[in-house]
Amino acid sequence: MRIVFATNNQHKLSEIRSILGDSIEVLSLKDIGCDVDIPETGTTLEENALQKAQYVYDHYHIDCFADDTGLEVDALDGAPGVYSARYAGEGHDSEANMTKLLKELGDNNNRKARFRTVIALIQKKNVCPCGCTSIKEVHQFEGIVNGEIIRERRGGEGFGYDPIFQPEGYDQTFAELGMDIKNHISHRARATQKLADYLLKR
């Protein structure tokens, strides 16, 4: 099975490919010749994920999925949420994002947070056995991991907010745990496992 993941983020691609294994060939936007910066103008993770998948499906007529992930911090009323990647500006600067988040939290003792990933999948389904009529099917899958924001960066692996997010049940951050463990317990892993379960049953 071949499917497009609407991203060129190598970290995400590696993570997804590792989780899905050899049973599903995951292509990137680059692999299909798409060099457009697909807009993300939604106000929710669900809207953004669907918007990206819809763009690829409409322009390239191929089964695809897209994700959007947000870090939701209790003390900040769920921020940065859908704006996590550009919390400190449009440059998607992870260091700047973490600096701003830690500053916003300050000495607040409520450090509870969660990572949430939403995956939108769009596939063509033949209505007629000969394939002359088809419709698109849309499905969404969600993954959540709870944890807390620590007070200073720790660890050198991972990306994004990984150095300051410590998942529940662990005494290390995502950036300290390493990709093997993260790929088993992360928000994206949980959403992707639901996606994989669905795709492999078809």
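One is the number of the first residue; the rest follow in order along the sequence. Scope of the values below: all heavy atoms of this structure, side chains included, with no hydrogens, waters or symmetry mates.
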task = Go through Glu47 and Thr43 one step at a time and tell me if the side-chain hydrogen bond (donor to acceptor under 3.5 Å, both in side chains) criterion holds.
result = CA-CA 7 Å; Glu47 289 175 1; Thr43 58; 3.3 Å; yes
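- Between Lys12 and Asp67 there is a salt bridge, since a side-chain N of the basic residue sits under 4.0 Å from a carboxylate O of the acidic one.
- Asn48 is listed as a side-chain neighbour of Val82, based on a closest heavy-atom distance under 4.5 Å.
- Looking only at side-chain heavy atoms (C-beta outward), Arg2 and Glu25 come within less than 4.5 Å of each other.
- For the pair Glu104 and Tyr87, the minimum side-chain heavy-atom distance is below 4.5 Å.
- Atom CG of Asp58 sits in a crowded spot, with more than 12 heavy atoms from other residues, nucleotides or ligands closer than 6.0 Å.
- For the atom pair OG1 of Thr117 and CG of Asp68, the computed distance is 8.0 Å after rounding to the nearest 0.5 Å.
- Cation-pi geometry between Lys182 and Phe165 is not met at under 6.0 angstrom from the ring centre and within 45 degrees of the axis.
- One finds no salt bridge joining Asp197 and Arg190 here, because no Lys/Arg side-chain nitrogen approaches an Asp/Glu carboxylate oxygen to under 4.0 Å.
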message = Between Gln54 and Lys136, does the side-chain hydrogen bond (donor to acceptor under 3.5 Å, both in side chains) criterion hold? Intermediate values first, please.
response = CA-CA 10 Å; Gln54 188 68 58; Lys136 70 175 183 181; 2.6 Å; yes
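- The side-chain heavy atoms of Thr7 and Leu13, taken from C-beta on, include a pair separated by under 4.5 Å.
- Heavy-atom neighbours of His92 NE2 from other residues, nucleotides or ligands within 6.0 Å: above the threshold of 12.
- Shown here for Arg154 and Ala175, the closest heavy-atom pair between the two residues is O-CB, 3.5 Å.
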side-chain contact (heavy atoms from CB on, under 4.5 Å) evaluation trace for Asp63 with Val4 = CA-CA 6 Å; Asp63 292 354; Val4 173; over 6 Å; no
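- To the nearest 0.5 Å, atom CG of residue Asp93 and atom CE of residue Met98 are 8.5 Å apart.
- Of all heavy-atom pairs spanning Thr69 and Ser84, the tightest one is O-CB, 4.3 Å.
- Of all non-hydrogen atoms in Leu50 and Ile122, the two that sit nearest each other are CD1-CD1, 4.1 Å.
- Outside the 6.0 Å centre-distance limit, the rings of His61 and Tyr57 are not counted as a close aromatic pair.
- Leu101 is listed as a side-chain neighbour of Leu71, based on a closest heavy-atom distance under 4.5 Å.
- Minimum heavy-atom separation, Pro163 to Ile150: O-CD1, 3.6 Å.
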message = As a quick check of understanding, evaluate salt bridge (charged side-chain N to carboxylate O under 4.0 Å, His left out) for Lys112 and Glu148, giving each step before the final call.
response = CA-CA 4 Å; Lys112 290 182 179 179; Glu148 63 178 24; over 6 Å; no
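- At least one side-chain heavy atom of Ile62 sits less than 4.5 Å from a side-chain heavy atom of Val56.
- Proximity of Tyr60 to Cys34: side-chain heavy atoms (C-beta onward) are separated by under 4.5 Å at one or more points.
- If you check the side chains of Thr99 and Arg153, you find a donor sitting under 3.5 Å from an acceptor.
- At a threshold of 4.0 Å, the pair Lys124-Glu137 does not count as salt-bridged, since none of the basic side-chain nitrogens sits closer than that to a carboxylate oxygen.
- A donor atom on one side chain and an acceptor atom on the other are found under 3.5 Å apart for Asp31 and Ser28.
- Of all non-hydrogen atoms in Lys52 and Ala6, the two that sit nearest each other are O-CB, 4.2 Å.
- To the nearest 0.5 angstrom, Glu142 atom CD is 14.0 Å from Leu195 atom CG.
- Among all heavy-atom pairs drawn from Arg116 and Leu45, the shortest one is O-CD1, 3.5 Å.
- Using the six-membered ring where Trp is involved, Tyr198 and Phe141 have ring planes that are tilted, between 30° and 60° apart.
- Looking at heavy atoms from C-beta onward, Gln172 lies in side-chain contact with Leu177 at the 4.5 angstrom threshold.
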